[in-house]
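Proteins get letters first, then strands, A, B, ... in listed order; numbering begins at 1 in each.
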Amino acid sequence: MPELPEVETVRQGLRGLILNKTIANVEVRWGKIINGDSAKFTNDLVGETFKEVDRRGKYLLFRLSDDLTLVSHLRMEGKYRVTPQAQEVTKHTHVIFNFTDGTALRYLDTRKFGRMTLIKTGTENQVGGLKTLGPEPTAADFQVADFAQRLRRHKKAIKPTLLDQNVVAGLGNIYADEVLWLSEIHPLQPANTLSPAQIQVLHDNIILELTKAIQAKGTTIRSYTDAYGATGGFQLSLHVYGREGEPCERCGVTIEKIKVAQRGTHFCPHCQILPGSQVSAS
DNA sequence: AGCTGCTCCTGGTCGC
DNA sequence: TGCGACCAGGAGCAGC
């Protein structure tokens with residue numbers, strides 16, 4: 001479910017709900033969510049206090065006392081909720097952090113794809129996924145020259161290349177389609193054939209689009225809500241995702257949906273032209 | 001090294 | 001109404 005703007009919104013909400021709360025005990029109801037031994041996971045967390053919630057790409061980094069960090073990835077449908085401990089535990093609740101004040105942080109995940117790992121703070125770069133994660137999509141971290149160099153290594157289509165978190169962190173299926181439409185680049189164009197001008201435009205649109213989506217508190221298509229259960233607002237700003245059959249806002253031609261690398265992909269067949277595919281007028 | 005296909009899960013929707 | 005096929009915002013892994 002969540003891409004970078006949604007994870008960032010969850011992070012901001014959680015800060016207000018759990019900082020300075022101390023864990024009394026932890027209940028793991030679906031062991032596969034935890035990387036490693038879940039008995040050790042629960043034991044190590046007893047008595048720990050949440051000091052900060054950071055984020056890197058789509059990963060949440062819960063900073064605890066005693067130099068521990070809980071790395072959490074929500075994957076498709078993961079959600080956090082803070083509730084009274086007495087509140088009924090719902091069907092898809094898989095991990096419960098009970099606090100000493102009578103409240104609890106609960107992790108919900110319909111499809112059970114999310115993962116958590118408890119590590120020593122400072123060893124984040126040894127965790128799979130974080131090890132090779134690309135730059136944050138911000139002007140400070142995301143350099144166009146570096147982006148160009150990474151794109152040159154990939155002959156495959158630009159769409160799945162943007163979904164590769166090692167190229168740039170944070171894009172998922174929705175924002176990948178959106179930034180390609182904004183940049184007027186066809187999703188099937190091989191990544192290593194983008195012109196310098198295309199790379200520059202794409203780079204700038206990635207930063208701008210994710211910034212705007214964070215300001216709108218993310219995009220809610222199916223099930224995403226933040227830590228307070230609130231939906232995002234950015235779905236109102238989507239130009240192609242989920243709009244197959246509707247006219248392109250720029251040119252009026254009907255938006256199409258195709259499969260690219262097994263993922264649903266939305267684009268405008270008039271604005272987003274594959275180089276070399278133009279039908280000659282002979 | 002890079003790419004494709006498969007896998008982890010549940011639930012909603014669509015066609016018959 | 002029931003049933004099967006297919007779809008869904010992600011990413012790790014095997015195998016080529």
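- With rounding to the nearest 0.5 angstrom, the OG1 atom of A:T49 is 7.5 Å from the CG atom of A:N20.
- If you check the side chains of A:T83 and A:R106, you find a donor sitting under 3.5 Å from an acceptor.
- Between A:Q262 and B:dT4 there is no side-chain polar atom (N or O) within less than 4.0 angstrom of OP1 or OP2.
- Atom CG of A:L74 and atom P of C:dG12 are 14 Å apart (whole Å).
- The pair A:E77-A:K112 fails the salt-bridge criterion, with no side-chain N (NZ, NE, NH1 or NH2) lying under 4.0 Å from an Asp/Glu carboxylate O.
- At a threshold of 4.0 angstrom between heavy atoms, the contacts of A:K131 with the nucleic acid are absent.
- A:K79 places its NZ atom 12 Å from the C1' atom of C:dA8, with the value rounded to the nearest Å.
- Annotation: C:dA5 and B:dT7 have their P atoms spaced 16 Å apart (nearest Å).
- Contact annotation: A:K32 reaches the phosphate of B:dC9 (side-chain N/O to OP1 or OP2, under 4.0 Å).
- Summarising the geometry, the separation between CZ on A:R75 and C1' on B:dG11 is reported as 19 Å, rounded to the nearest angstrom.
- Note on A:I185 and A:F147: same hydrophobic cluster, where clusters join Ile, Leu, Val, Met, Phe, Trp and Tyr whose side-chain heavy atoms are under 4.5 Å apart, directly or indirectly.
- Closest approach to the A:K156 side chain among B:dT4, C:dA11, C:dG10 is made by B:dT4 (side chain taken as heavy atoms from C-beta onward).
- Residue contacts shown for A:F234 are absent, as no nucleic acid heavy atom lies under 4.0 Å away.
- Counting any heavy atom pair closer than 4.0 Å across all strands shown, A:Y241 reaches sugar-phosphate atoms only and no base atom.
- Evaluation of atom-type donor-acceptor distances gives no pair under 3.5 Å for the side chain of A:R153 against the base of B:dA1.
- Ring to ring, A:F62 and A:F97 are not that close: their centroids are 6.0 angstrom or more apart.
- Using atom P as the reference point in both C:dC13 and B:dC9, the two lie 15 Å apart (nearest Å).
- OP1 or OP2 of C:dA11 lies within a sub-4.0 Å distance of a side-chain N or O belonging to A:H73.
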_If you apply the rule side chain to side chain contact (heavy atoms under 4.5 Å, CB included), what do you find for A:R150 with A:D164, and how did you get there?_
CA-CA 11 Å; A:R150 288 166 193 265; A:D164 180 350; over 6 Å; no

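- Base pairing of B:dC9 is not made with any nucleotide, judged by Watson-Crick or G-U wobble geometry with both donor-acceptor distances under 3.5 Å.
- One interatomic measurement links the two molecules: CG of A:L163 to C1' of C:dA8, which rounds to 14 Å at whole-angstrom precision.
- The separation between A:R263 atom CZ and B:dT7 atom C1' is 14 Å, rounded to whole Å.
- For B:dT7, the OP1/OP2 oxygens have no side-chain nitrogen or oxygen of A:K112 closer than 4.0 Å.
- Side-chain atoms of A:H92 lie closest to B:dT10 of the nucleotides C:dG10, C:dC7, B:dT10.
- Ranking C:dG10, B:dC3, C:dA8 by closeness to the A:N173 side chain, first place goes to C:dG10.
- Atom CG in A:D164 sits about 8 Å away from atom P in B:dC3, given to the nearest Å.
- One finds no side-chain N or O of A:K155 lying less than 4.0 angstrom from the OP1 or OP2 phosphate oxygen of B:dC3.
- Within 4.0 Å (heavy atoms only), A:G129 reaches sugar-phosphate atoms of the nucleic acid but no base atom.
- The phosphate of B:dA1 has neither OP1 nor OP2 within less than 4.0 Å of any side-chain N or O from A:H154.
- Protein atom CZ of A:R152 is 19 Å distant from nucleotide atom P of B:dA1, rounded to whole Å.
- Remark: A:R115 is not in phosphate contact with C:dG10, judged by side-chain N or O atoms under 4.0 Å from OP1 or OP2.
- Taking the six-membered ring where tryptophan is involved, the planes of A:F50 and A:F99 are perpendicular, since the angle between them exceeds 60° and thus also 30°.
- Look at A:F113 and the base of B:dC9; the rings do not stack under the cut-offs of 5.5 Å between centres and 30° between planes.
- B:dC8 atom P lies 11 Å from atom CH2 of A:W30, rounded to whole Å.
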